[in-house]
Amino acid sequence: MSRGKFAAQKMMSECGIDDPTNIPLDLIIYGRGATLIEKPLNNSEGRILFGKTKGIITVNSDIAYEGKRRFVIAHELGHFELHRSLMPVHNDTDATLEFFQNGHQETEANEFASELLMPENLFRDECASKKFSPELLRYLAERFQTSITSTAYKYFELGDHPICLFYSYNNQIKYWKRPEDYPHFIIDRIKLPPPEDSVAAEFFNENKLYRKEESKQQIWKSTWFELKDWESDNEFKFYEYCIITPKYNTVLSIVWEELK
Ligand SMILES: [Zn+2]
């Protein structure tokens, strides 16, 4: 188990929390010896200031989405629990809050936040024997009061159905992830634009945004994956669902196969 996830589970068991949606995050924070302040911040979403034994967590009051606000608060609490002797003050921008970024402490704080907001056992129960779909992710995000993006990463880790993730920014693929043992190979396009026939490319090239009911789009296997010589695109059913944030010009493509 990752260090961040372990720290979140340990804290929840110490505090007697089994479902984090039943208790306001600011009360958890007070209980751990820190203070939560909400106010406008320039160039950061969250911040933590460490005192000798306590800490002050500030979250940007301009954050429009409750799911994102909760994630930022939980991320800062993760720093408080895990990194208090390591840094006197810490700022988090949108970039440092990204799941895919590499900084060791940021990864730990994200894993902590993900586990605190979506505890593994509850998340597995909610996913069990449900078919993967954009609606399922929206249901889970509502159930756990989380952002669709953080819910998608959690589903990648724990969900019943294998999914692949491709993260693009400014019409360039930055990262991708596939489950271990996934039977298909991804065409590596890091630093290149998303494939022409992908849903992500429709956004970058034509500004196309699908309505909720149409957010599951059928694509070819060859759009994102290698097609072997003996295979034909018609044998496969692949789908792409894009979580698009126009403000930051980012697209998270979730790609999955449905067996015929
Ligand atoms: Zn951070």
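Order of listing sets the numbers, starting from 1, for every ligand and every atom in it. Fair warning: this is a prediction, and the values are worked out from it, not measured in the lab. Both backbone and side-chain heavy atoms feed into the values below; hydrogens, waters and symmetry mates do not.
- If you look at D92 and ask which of its N, O or S atoms sits nearest the Zn ion (ligand 1), the answer is OD1.
- Hydrophobic side-chain contacts under 4.5 Å tie I244 into a cluster, directly or through other members, with F203, F204, L209, V251.
- If you put the vertex on the Zn ion (ligand 1), NE2 of H75 and NE2 of H90 sit 170° apart, to the nearest 10°.
- Relative to the ring axis of Y182, R178 does not place its NZ or CZ within 45° and under 6.0 Å from the centre.
- Inclusion of E76 in the first shell of the Zn ion (ligand 1) is not supported: no N, O or S atom falls under 2.8 Å.
- Atom OE1 is the N/O/S atom of E106 found closest to the Zn ion (ligand 1).
- Atom CD of E66 has more than 12 heavy atoms from other residues, nucleotides or ligands within 6.0 Å.
- Under the ring pair (Phe, Tyr, Trp, His ring centres under 6.0 Å) criterion, no residue pair touches residues 37-56, with sequence neighbours excluded.
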